[in-house]
Amino acid sequence: KAGVTQTPRYLIKTRGQQVTLSCSPISGHRSVSWYQQTPGQGLQFLFEYFSETQRNKGNFPGRFSGRQFSNSRSEMNVSTLELGDSALYLCASSPASGGLNTQYFGPGTRLTVL
Amino acid sequence: AQRVTQPEKLLSVFKGAPVELKCNYSYSGSPELFWYVQYSRQRLQLLLRHISRESIKGFTADLNKGETSFHLKKPFAQEEDSAMYYCALSGSARQLTFGSGTQLTVLP
């Protein structure tokens, strides 16, 4: 099976702009989770979607949002970008909902905010 | 709240030496613990989970609820074990909380 894919792989934006990142899970996987990875804070959970519904949400401001489509593909949106949003954004898919399931990670999208 | 602590950011050992990567957690219930690994230029991937009680690539990890630890061990380190290792916990919130990671370098 093809692995988790994320597009684009690299993005450069300026403060105040918004950005949309995309994640295609492994075929048959219905859960998609998003993580932010930074040198200072490490890997932090953003949210999880399962069957087009947000199941869990981490401690991030409302500027971070997401959605999942009927084919399980997911998008993450960050509005009014701040310098601190520069990070590697990882998505992970799993067959079912919840952290108990093995998560299969994508390569990440590197976002740089200038 | 759930929290995972990996006290060592960097760890170097010689090939053939034993290696132990420390992980301590804070969680009031019964957690599910994982070790994830990221080799150079590769994706983050699951190494092992405590509920499986398995040995992967010679690594084992035992959950010690009394000490709230889940240390990763291997008796004889190999150069290909050099990677970033993350300990992770899943609790009732059903989301993964990761530690800050330990960069393991196995010297020839």
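A quick note: this is a predicted structure, and the numbers were derived from the prediction, not measured. Residue numbers start from 1 in every chain, and the chains themselves are labelled A, B, ... in the order their sequence lines are given, proteins ahead of strands.
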Check your understanding: So how far is it from Tyr104(A) OH to Gln45(B) CD, rounded to the nearest 0.5 Å?
Key -> 10.5 Å

Exercise for review: Could you state whether Leu46(A) and Leu21(A) fall into the same hydrophobic cluster, counting links through intermediate Ile, Leu, Val, Met, Phe, Trp or Tyr residues with side-chain heavy atoms under 4.5 angstrom apart?
Suggested key: yes

Practice item. With a 4.5 angstrom heavy-atom cut-off, could you sort out which part of Gln37(A) is near chain B: side chain, backbone, both or neither? Key: side chain

Point to revise | Distance, nearest 0.5 Å, that separates CG of Leu44(B) from CG of Leu43(A) | key: 6.0 Å

Point to revise | Top contributor to chain B interface from Gly58(A), Gly42(A), Pro107(A) [non-hydrogen pairs under 4.5 Å] | key: Pro107(A)

Practice item. Using a cut-off of 6.0 Å, state whether more than 12 heavy atoms not belonging to Phe76(B) lie near its atom CZ. Key: no

Check your understanding: Within a reach of under 6.0 Å around CZ of Arg3(B), are more than 12 heavy atoms found that belong to other residues, nucleotides or ligands?
Key -> no

Revision key, fill the gap. To the nearest 0.5 Å, atom NZ of Lys57(A) lies from atom CD of Gln95(B) at 10.5 Å

Check your understanding: Do you reckon Leu83(A) sits in the same ILVMFWY cluster as Phe64(A), going by side-chain contacts under 4.5 Å, direct or chained?
Key -> yes

Point to revise | Any Arg43(B) side-chain heavy atom under 4.5 Å of Val4(A) side chain | key: yes

**Study point:** Check: Tyr35(A) ring centre within less than 6.0 Å of Phe98(B) ring centre
**Key:** yes

Point to revise | From CG (Leu96(B)) to CD (Gln44(A)), nearest 0.5 Å | key: 13.5 Å

Review point. Is Leu88(A) reachable from Met76(A) through a run of hydrophobic residues whose side-chain heavy atoms are each under 4.5 Å from the next?
Key: no

Review point. Is any side-chain heavy atom of Arg49(B) less than 4.5 Å from a side-chain heavy atom of Thr102(A)?
Key: yes

Check your understanding: In terms of hydrophobic clusters joined by side-chain contacts under 4.5 Å, are Phe45(A) and Tyr86(B) together?
Key -> yes

Review point. Given the rule that I, L, V, M, F, W and Y join up when any side-chain heavy atoms are under 4.5 Å apart, are Met84(B) and Leu90(A) in one cluster?
Key: yes

